Student: 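Please read through the structure below; I'll follow up with questions.
Start at 1 with the first residue, then count along the sequence. What you are looking at is a predicted structure, and each value in this text was computed from that prediction instead of being measured.
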Amino acid sequence: MWAFGHVGFHTESREAGRPERMGTVLEVKIKRANKVYKEGEVLSGVVVVMSKDTVQHQGIFLTMEGSVNLQLSAKSVGVFEAFYNSVKPIQIMSSTVEMVKPGKLPSGKTEIPFEFPLTVKGNKVLYETYHGVFVNIQYTLRCDMKRSLLAKDLTKSCEFIIHSLPQKAKLTPSPVDFTITPETLQNVKERASLPRFVIRGHLDSTNCVITRPLTGELLVETSEVAIKSIELQLVRVETCEFEINVVVILHDDHLITENFPLKLCRI
C-alpha cells in the first residue's frame with residue numbers, strides 16, 4: 001500500500017551573478033538520516049526535481065526493490081562459477097507505482113513526497129541488509145522520469161537499510177572453555193618441532209547481542225619461547241554467520257590459531 005502526499009511546486013529564483021544550473025536534476029531523499037528501517041515501519045521521503053526550465057515528461061515512477069544476490073569475486077572464479085550460474089537473484093520485494101502522470105513540471109524545485117509500509121506478502125521475510133564477498137542483500141528505491149525520444153530518461157537510485165526485528169525469545173548464554181596446546185592444533189605437519197605451550201581461556205557466550213561487547217578471558221599458562229603478540233579476530237563467514245579467532249604469534253613468527261563460531265542477534 002503506497003501513499004503519496006500532495007505534489008509540492010516551489011520555484012527558486014536565481015541569485016544575481018550566480019551561474020544557472022544546466023539540465024534537469026532528479027534526486028531521491030529518504031526522511032530518516034541513517035536510512036535504517038525495520039519490517040513494519042513506514043519508509044518516507046521526497047523525490048526532488050530541479051530544473052531552470054519547465055520539464056516535459058511522460059510520467060514519474062518510483063520502484064522499491066529488495067533482493068538476495070550471489071556475486072562473484074575475481075578470486076572465486078572457477079570455485080563457485082558452476083554454482084553461481086545456477087542461482088538467480090531471489091526477489092524479496094518489488095513494486096512500482098506512478099507518482100506523477102505525464103505532463104509538465106514548473107521551473108525551479110519540485111518536491112513529491114511519498115511513504116509506504118515495509119511489509120511483505122505470504123511467508124517472505126525482510127532479511128537484514130548484508131554486503132559480503134559472495135552474498136549481497138540489498139534494498140533500493142529507484143525513481144524514473146520518462147521523457148520523449150528527444151530527451152534522455154532520468155534515473156536516480158538510493159539504498160535504504162533493513163535491520164532484522166529484535167528477537168522475542170530470551171537469549172540463552174552458551175559459554176565455551178578452550179585449551180590450546182601443540183596436541184590440539186589441526187593441520188600441523190611437524191608437530192614435534194613446535195615449542196611447548198599451554199593457553200587456556202573461555203568465551204562467556206557464543207550467542208551474542210550485536211550491540212553488546214564480546215567478553216571472555218585468555219591465560220597463557222606456559223610457553224617455551226617468548227610470545228610476540230596475541231590477537232582476537234572477529235571474522236565474518238559467508239554463511240551469514242560470524243566466528244572469533246584467537247591468534248598467538250610466537251617470537252619466531254610461528255602462528256597459532258583457534259576459532260569459535262558465533263551467533264549474533266538483535267534484542
Student: Please, which pairs that meet salt bridge (Lys or Arg N to Asp or Glu O under 4.0 Å) have at least one residue in residues 118-138, sequence neighbours excluded?
Tutor: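 Matches after skipping sequence neighbours: Glu128-Arg266.
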Student: Could you measure the distance from the CZ atom of Arg142 to the CE atom of Met64? Nearest 0.5 Å is fine.
Tutor: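 Reported value, rounded in 0.5 Å steps: 12.0 Å.
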Student: If we only count heavy atoms from C-beta on, is the Arg200 to Val198 side-chain gap below 4.5 Å?
Tutor: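 Of all side-chain heavy-atom pairs linking Val198 with Arg200, at least one is under 4.5 Å.
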Student: Determine the minimum heavy-atom distance between Thr172 and Ser205, stating which atoms define it.
Tutor: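 Scanning both residues completely, I find the closest heavy atoms to be O-OG, 4.4 Å.
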Student: Quick check: do Val246 and Thr257 have side-chain heavy atoms less than 4.5 Å from each other?
Tutor: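 No, side chains not in contact.
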Student: Please name the pair of heavy atoms, one in Ile199 and one in Val220, separated by the smallest distance, quoted to 0.1 Å.
Tutor: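 Between these two residues, the closest heavy atoms are CG1-CG2, 4.4 Å.
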Student: Take Thr215 and Asp204 through the test side-chain hydrogen bond (donor to acceptor under 3.5 Å, both in side chains) and record every step on the way to the result.
Tutor: CA-CA 6 Å; Thr215 58; Asp204 291 336; 2.5 Å; yes
Student: Below 4.5 Å, heavy atoms only, C-beta onward: do Ile137 and Ile92 meet side chain to side chain?
Tutor: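 Of all side-chain heavy-atom pairs linking Ile92 with Ile137, at least one is under 4.5 Å.
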Student: Look only at the side chain of Ser174 and the backbone of Thr206, and say whether a donor-acceptor pair between them is shorter than 3.5 Å.
Tutor: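 Yes, Ser174 side chain to Thr206 backbone: donor-acceptor pair under 3.5 Å.
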Student: For residues 28-39, tabulate all N or O donor-acceptor pairs below 3.5 Å that involve a side-chain atom, not counting sequence neighbours.
Tutor:
| from | atom 1 | to | atom 2 | distance (Å) |
| --- | --- | --- | --- | --- |
| Arg32 | NH1 | Val36 | O | 2.9 |
| Arg32 | NH1 | Glu41 | OE1 | 2.9 |
| Asn34 | OD1 | Val36 | N | 3.1 |

Student: Using the ring pair (Phe, Tyr, Trp, His ring centres under 6.0 Å) rule, collect all pairs that involve residues 135-190, keeping only residues at least two apart or in two chains.
Tutor: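 Non-adjacent pairs meeting ring pair (Phe, Tyr, Trp, His ring centres under 6.0 Å): Tyr139-Phe160, Phe178-Phe260.
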Student: Which pair of heavy atoms, one from Pro102 and one from Glu98, lies closest together, and at what distance?
Tutor: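 Scanning both residues, the minimum pair turns out to be CD-OE2, 3.8 Å.
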Student: Looking at CD of Glu258 and OG1 of Thr179, how far apart are the two atoms once the value is rounded to the nearest 0.5 Å?
Tutor: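 Answer for the CD-OG1 pair, Glu258 versus Thr179, is 9.5 Å.
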Student: If hydrophobic clusters are built by linking Ile, Leu, Val, Met, Phe, Trp and Tyr wherever their side-chain heavy atoms come under 4.5 Å apart, do Val135 and Ile161 end up in the same one?
Tutor: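 No, Val135 and Ile161 fall in different hydrophobic clusters.
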Student: If only atom types and distance count, is the side chain of Thr129 paired as donor or acceptor with the main-chain N or O of Ile162 below 3.5 Å?
Tutor: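 Between the backbone of Ile162 and the side chain of Thr129 there is a qualifying donor-acceptor contact (under 3.5 Å).
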Student: According to side-chain contact (heavy atoms from CB on, under 4.5 Å), who are the partners of Ser94, at least two apart in sequence or on a separate chain?
Tutor: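 If we apply the side-chain contact (heavy atoms from CB on, under 4.5 Å) test to Ser94, skipping adjacent residues, the hits are Glu65, Gln91.
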Student: On a heavy-atom basis, which atom in Leu171 and which in Asn207 lie closest, and how many Å separate them?
Tutor: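 For Leu171 versus Asn207, the nearest heavy atoms are CD2-O, 3.6 Å.
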Student: Is there a donor-acceptor pair under 3.5 Å between the side chain of Asp53 and the backbone N or O of Ser107?
Tutor: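 The answer is no, because no donor-acceptor pair under 3.5 Å joins these two groups.
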Student: Are any of the side-chain heavy atoms of Thr54 and Gln56 separated by less than 4.5 Å?
Tutor: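 No. Closest side-chain heavy atoms not under 4.5 Å.
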Student: Identify whether Tyr130 and Leu118 are in the same connected component of the hydrophobic contact network (ILVMFWY, side-chain heavy atoms under 4.5 Å).
Tutor: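 Linked, Tyr130 and Leu118 end up in one cluster.
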Student: The criterion is ring-ring contact (aromatic ring centres under 6.0 Å, His included); which residues satisfy it with Phe61, sequence neighbours excluded?
Tutor: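 Applying ring-ring contact (aromatic ring centres under 6.0 Å, His included) to Phe61 gives none.
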Student: Running the 4.5 Å side-chain criterion over Ile, Leu, Val, Met, Phe, Trp and Tyr, what cluster does Ile249 land in, apart from itself?
Tutor: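 Reading the cluster by chain and number, Ile249 sits alongside Val247, Leu255.
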Student: If I take atom CE from residue Met99 and atom CG from residue Asp144, how far apart are they, to the nearest 0.5 angstrom?
Tutor: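 Rounded to the nearest 0.5 Å, the CE-CG separation comes to 11.5 Å.
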Student: Pick from Thr24, Val49, Leu105: which one makes a side chain to side chain contact (heavy atoms under 4.5 Å, CB included) with His57?
Tutor: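 Among the candidates, only Leu105 passes.
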Student: Give, for atom OG of Ser223 and atom CD1 of Ile256, the distance between the pair rounded to the nearest 0.5 Å.
Tutor: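 Answer rounded to 0.5 Å: 7.0 Å.
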Student: Is the shortest heavy-atom distance from the side chain of Leu185 to the side chain of Leu194 under 4.5 Å?
Tutor: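 A side-chain contact under 4.5 Å exists here.
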Student: Do Val120 and Leu43 land in one hydrophobic cluster if side-chain heavy atoms of ILVMFWY residues count as linked below 4.5 Å?
Tutor: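 Yes, because Val120 and Leu43 connect within a single hydrophobic cluster, where side-chain heavy atoms sit under 4.5 Å apart.
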Student: Just how far is it from atom CD1 of Ile244 to atom CG of Leu234, taken to the nearest 0.5 Å?
Tutor: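 It is 5.0 Å, given to the nearest 0.5 Å.
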Student: List the steps and the verdict of side-chain hydrogen bond (donor to acceptor under 3.5 Å, both in side chains) for Asn69 and Ser67.
Tutor: CA-CA 6 Å; Asn69 293 277; Ser67 62; 3.0 Å; yes
Student: Among Val48, Leu62, Val100, which one satisfies side chain to side chain contact (heavy atoms under 4.5 Å, CB included) with Ile112?
Tutor: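 Result for side chain to side chain contact (heavy atoms under 4.5 Å, CB included) with Ile112: Val100.
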Student: Are Val42 and Met93 in one and the same hydrophobic cluster, where Ile, Leu, Val, Met, Phe, Trp and Tyr link if side-chain heavy atoms are under 4.5 Å apart?
Tutor: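 Shared cluster, no.
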Student: Is there a donor-acceptor pair closer than 3.5 Å between any side-chain N or O of Ser44 and the backbone N or O of Phe114?
Tutor: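 Not confirmed, Ser44 side chain does not pair with Phe114 backbone.
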